[in-house]
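First comes the structure, then the notes that go with it.
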Amino acid sequence: MTDVHTPREQAAAQGEETVTFGTTETEPDATGGGAGTGPSAGWLRWGWRQLTSMRTALVLLFLLALGSVPGSVLPQQGSDPAAVQQYYASHPALAPWLNHLGLFNVFAAPWFAAVYLLLFTSLVGCVVPRTFKLAGSARTPPPRAPRNLARLPHSASFPSSLAPGTAVDAAAAMLGGQRFRLRRPASGDSGHWVSAEKGYLREAGNLLFHLALLGVLVSIALGGLFGYKADKLLVEGQGFSDTRQALDEFHPGRLVSGSDLAPFSLTLDRFSASYLRSGDSRGQPSDFNATVTYSPSPGAPSRTYNIRINDPLPVDSTKIYLIGHGYAPVFKVTDSHGNVAYNEATPFIPANTGTFLSDGVVKAPDASLGFMGVFVPTAVSVGGTLESAFPADDFPAVSLIGYSGNLGMNSGVPQSVYQLNTAGMTKVAGSPHLMLPGQTWTLPGGRGAITFVGVRQWVSLAITYDPGQVPALVCGMLALGGLLLSFLVRRRRVFVRAVPAASGSGSVVTVGGLARTDASGGFEEEFAELAAELAAQQKPEPNNQSEAGA
Amino acid sequence: MSVNLGLAQVSGDFLVAAIVIYSLAVIGFAGDFAFGRPRRANAAGAALASGERAGQLATVGAAQGAAQGASGGAVSEAPEAAGLADGAQAVPADAGSGGTGSGSGGAGSGDPVLPARQAPALRAIWEAGPWVRAAVAFSALGILAHLVAVVTRGFAVHRAPWGNMYEFVTALTCVAAIFFCYVMVRYRAWALGVFVMGAVVVALGLAETVIYTAAGPLVPALQSYWLSIHVTAMTLATGIFFVAAVLGVMYLVVERYRARVAAGKAQPGNGLLARIPSAAQLDKLTYRTVVFGFPIWTFGVIAGAIWADQAWGRYWGWDPVETWAFITWVLYACYLHARATAGWRGRRAHYIQLLGFASLTFNMLVVQVFITGMHSYAGVG
Amino acid sequence: MFRAKRRTVVTVAAVAAVLLAGALAVTLTAGSGQASGVTYIGGDNSQQVYSAGHRALAPDFTGTSLTGTPIRLASYRGKVVVLNFWGSWCAPCRAEGPTLAVLSEQYRSKGVSFLGDDVGDTTANALAFTHDIGIGYPSVNDASYSIVQDFSRVASVGYTPTTVVIDRTGHIAGLVIGKISFQSMTTILNDVAASP
């Protein structure tokens with residue numbers, strides 16, 4: 001008795017409805033071959049089957065999504081450590097508990113890693129057997145045509161003027177021309193039929209998608225091991241050579257050492273920022289441009305480049321990005337004897353990224369003087385407070401609070417360049433003192449003087465090297481390709497049977513069609529077209545059928 | 001180049017016009033929903049019947065040999081094949097009863113027994129009644145006005161018109177409206193109109209009032225051709241998922257009603273709910289919509305990663321918006337897996353799908369606006 | 001059945017390979033062993049002395065001192081050179097300044113020359129410091145870290161301050177990462193200055 005499907009195939013079809021896995025739900029365990037070797041093997045097998053089941057995949061996927069939520073609403077150590085500190089300050093009781101759970105560094109937390117590692121283990125455990133199955137089914141021919149094609153979801157029949165054998169041959173030729181794989185009756189079989197099957201690419205695409213995801217994970221790991229990220233702040237006119245000591249921040253991958261850095265050197269010639277001067281968006285930046293001169297290695301000829309936000313500088317295998325910018329007012333400090341103790345462009349950090357009102361400190365330990373202050377690029381007084389009206393340096397001013405005494409730098413304890421330790425220092429009378437460019441503030445008591453010389457700008461550059469970048473992209477595109485294949489291609493079968501016509505000449509041809517996974521639709525149209533083509537093919541004499549219905 | 005304020009004004013005016021016209025369309029759909037011709041129910045029944053033909057034949061087969069896998073196969077395929085008025089199944093407006101229809105096959109009749117094609121769309125719209133005619137006409141007109149609004153905004157600001165939240169919502173609702181109208185006409189699913197177009201009107205109303213942003217140039221970080229690629233893909237995908245979400249809600253409503261009827265707690269034949277396609281049809285339609293949107297969302301995330309590398313120096317940094325786009329992707333992947341898992345099809349899968357859309361909306365309206373990260377380009381407030 | 005068994009084996013092998021790769025990646029990050037020919041003073045990696053035959057050649061450099069005079073490392077051949085990488089902004093560098101000043105005077109007669117490499121600094125700030133502390137030896141202006149970059153190829157000069165001791169043949173004989181101490185420097189210098 002021929003069936004449309006074997007029971008095993010049909011059970012598999014019920015599970016394989018959509019994109020991905022379902023075999024272990026309905027199929028007998030394909031990996032359970034061989035005699036069990038005791039109760040522990042049984043437990044292992046049970047555990048393995050649970051791990052690679054669809055239900056587990058569902059739960060793990062859901063956990064992956066759920067686990068990512070705290071990583072986006074809580075401040076994360078990796079991207080904003082200052083915000084984490086702030087969270088500790090504002091939630092002193094809750095924060096340590098959250099830290100214990102790893103919620104301030106979710107994506108590097110062991111439990112998050114456990115979720116995606118389990119997910120990928122489940123994935124590999126599913127994909128490998130299914131790859132074998134696909135290879136196997138690609139080798140086995142389509143099943144025999146069922147006896148009663150009318151039972152299939154799509155069927156049609158029409159008379160033919162050709163003899164049954166010829167009719168089926170013609171049908172087979174047409175189907176073969178459409179790249180169906182064919183099966184004809186073996187010699188000695190009665191009946192005239194042909195089975196045709198197509199669409200193996202669907203499962204191949206499915207498997208490709210899932211394997212490509214694994215490839216993305218491996219690429220990310222590659223980047224994490226061998227790549228690095230570094231930051232450098234440069235004032236206009238300053239340059240640096242790419243070496244560990246020169247970098248403000250250096251985040252190497254696990255297997256990176258300081259001597260792996262690309263040997264380039266770079267100087268910031270000029271930075272220009274332009275802002276909209278009129279209209280509703282007044283003050284919005286319209287362009288940033290950092291002009292740099294660089295040399296890829298010592299002794300190589302210099303080149304220039306304009307680094308913009310969407311236009312990084314590729315050097316060697318690294319890329320240099322323009323990440324931020326600000327103002328660096330130039331100060332000259334003289335000590336009580338009139339000797340110059342300090343003369344430098346001092347980067348101030350923007351507190352307001354719209355108006356670029358910025359904070360900074362000046363540390364002149366050799367004059368025993370320190371200053372804390374606010375710089376504004378376009379000064380305006382709002383109720384007695386110094387504010388900035390526009391982000392461009394149209395009318396710069398700085399307001400400083402002076403401190404005299406021991407800055408604590410000679411004790412050897414490292415200090416932040418942006419923070420002044422005023423313990424042990426006395427505030428200078430006359431603070432805060434407002435200065436315009438060119439002005440000098442002579443401190444009372446003959447302690448010295450500070451001159452606001454002028455204004456320069458600084459940029460912060462990010463230098464990144466990621467060997468996993470290109471592989472990740474390739475795997476991403478492969479995943480997308482596999483996804484599209486698995487959605488667009490249907491595995492389908494078409495059967496053609498011909499029996500001699502009751503009238504004696506010609507035959508009655510029945511066509512039946514079945515799609516394994518028709519959820520994405522479209523097979524009806526394909527079947528209708530195939531049937532119409534077959535019918536047309538079978539009627540070389542005009543006195544038979546009219547065309548297929550409208 | 002400075003903003004062309006005249007064109008910006010034109011864009012705003014056309015958007016308001018679109019909202020008004022869409023509202024009229026919604027009234028038309030609602031009128032059809034409440035007062036439309038009963039004949040439509042039969043037509044829907046006929047569409048169902050020609051698919052059920054296979055089910056009937058399979059039932060015959062089942063009687064002959066229940067132990068065979070064949071019947072199981074055919075029956076499981078029947079609900080799939082019995083979708084909405086698909087492709088080649090005949091949908092004569094006066095089909096009336098289902099019956100044996102065409103293709104009973106093998107009967108030895110002398111007539112050609114081939115699957116027939118569908119009646120042309122315009123004819124079907126006409127025959128659906130005056131409410132539907134008006135509603136479809138207004139929808140088409142509204143889409144035109146909407147398109148003009150989006151395009152003129154683009155010309156006004158000399159760039160692709162999805163550079164901030166307002167423009168993004170305007171563009172994605174346009175995509176949703178166009179996509180939905182295609183689905184509605186293709187499957188003759190007029191009853192869905194009031195829900196989807198109603199949601200579009202609400203979304204546009206929000207855009208005009210709460211999240212409106214005046215036309216202006218882009219900040220330097222957005223000045224890249226990747227805007228056209230990444231944000232376009234996200235816009236398209238969001239519009240499509242929007243339609244899927246509305247369909248999902250409708251599925252849950254219909255499914256709950258069906259369960260109550262089966263439990264004897266409600267009267268069958270509720271006039272309103274009978275007009276909506278059945279739960280099975282909605283389920284299938286939702287699935288196809290998500291399948292259409294998912295690769296686009298995937299592509300959008302990849303394009304976003306490429307752009308992030310170009311602009312920020314790393315292709316993935318778990319920035320809040322990136323993270324929520326990932327969560328959305330995982331949830332829709334969850335839905336696709338659920339649909340293939342016994343015990344998770346049906347209502348549970350739709351909950352997951354709606355959760356995915358909720359995360360997408362949360363990403364768009366809350367994360368981008370309120371949680372600072374590198375993606376804070378909404379321009380709101 | 002045999003086929004199914006083979007599939008099991010392959011699947012298990014694939015999963016094991018994935019996990020093994022992950023485990024390897026983690027364990028590879030374990031610190032590398034101690035190099036040969038290196039003596040560690042003080043028990044940690046921060047102060048190292050290299051025995052003859054295990055000394056890298058110090059890269060030659062030319063530059064200008066803070067006061068504008070030209071400086072060339074090769075011109076110091078025949079003398080032991082203590083090359084100190086520092087900056088006036090760097091607190092540990094400021095703290096070790098007086099020690100270096102004293103040592104430079106103490107070992108001058110033994111043919112040891114001290115040389116500073118001033119990084120990330122302006123000449124005004126640097127000179128203010130050297131005058132304040134009383135450092136008499138010259139420093140080369142290396143504001144852009146280019147000399148550091150050359151040295152980083154052969155020695156780990158990743159931090160400020162770092163002090164490199166170069167023997168009379170121009171090879172790197174010792175290295176101190178971080179602030180120097182009187183004892184560690186005298187130990188190294190006595191050893192290196194003694195050899196020809």
Side-chain angles (χ1 to χ4, degrees), chain A residues 3-7 10 13-14 17-20 22 25 54-55 57-58 61-62 64-65 68 71-72 79 107 149-151 153 155-158 280-281 284-288 309-310 321 462 464 469 476 480 483-484 487 502 508 510 518-521 524-525 528 531-532 535 545 548-550, chain B residues 54 57-58 61 68-70 72-74 76-78 80-81 86-89 103-106 108 112-117 214 216-217 219-221 223-224 287-288 291 295 298-299 302 309-311 313-315 317-318 320 323-324 326-327 330-331 333-334 336-342 344:
Chain A
D3 298 323
V4 176
H5 299 289
T6 64
Q10 187 43 53
Q14 267 185 337
E17 209 176 300
T18 54
V19 195
T20 47
E25 293 288 305
M54 280 290 269
R55 209 159 282 145
L58 257 182
L61 274 174
F62 193 70
L64 193 67
S68 307
S72 67
S79 42
F107 303 106
L149 293 181
R151 278 207 250 154
S155 66
S157 82
F158 41 86
D280 279 337
S281 314
Q284 181 185 297
S286 64
D287 187 36
F288 297 131
I309 292 213
N310 278 297
Y321 297 81
T464 65
Q469 201 178 324
L480 191 60
L483 193 64
L484 285 172
F487 282 156
V508 176
T510 320
D518 197 23
S520 45
E524 295 88 348
E525 282 145 20
Q545 302 319 323
Chain B
L57 294 166
Q68 297 158 12
S76 80
E77 291 295 348
E80 311 298 343
D86 269 326
Q89 307 302 344
S104 36
V113 180
L114 291 164
R117 301 268 158 80
V219 292
Q223 290 168 13
S224 165
Y287 174 72
R288 291 193 194 180
V291 157
T298 309
F299 173 72
I302 296 177
D309 176 74
Q310 196 70 357
R314 86 287 182 284
Y315 59 87
W318 298 108
T323 307
W324 279 92
F326 170 74
I327 293 173
V330 169
L331 284 172
C334 232
L336 293 171
H337 279 71
R339 259 194 126 248
T341 309
W344 281 81

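Every chain is numbered from 1, with letters handed out A, B, ... down the list of sequences. Computed from a prediction, not measured in an experiment: that's the story for all the values here.
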Side-chain donor/acceptor of B:Q223 to backbone N/O of A:S286, under 3.5 Å: yes
B:H337 to A:M54 - nearest heavy-atom pair and separation: O-CE, 3.2 Å
Over 12 foreign heavy atoms within 6.0 Å of CZ, A:F107: yes
Region of B:Y315 in contact with chain A, defined by heavy-atom distances below 4.5 Å: side chain
Contacting moiety of A:Q284, where chain B heavy atoms sit under 4.5 Å: side chain
Least distance between heavy atoms, B:F326 atom then A:S68 atom: CE2-OG, 3.5 Å
Minimal non-hydrogen separation, B:P220 against A:P285, with atom names: CD-O, 3.2 Å
Distance-minimising heavy-atom pair for B:Q310 and A:Y321: O-CE2, 3.4 Å
When A:L61, A:L480, A:N310 are compared by non-hydrogen pairs under 4.5 Å with chain B, the top option: A:N310
Closest heavy-atom pair and its distance - B:C334, A:L58: O-CD2, 3.2 Å
Closest approach of B:G313 to A:T464 (non-hydrogen atoms, all atoms of both residues): O-CG2, 3.3 Å
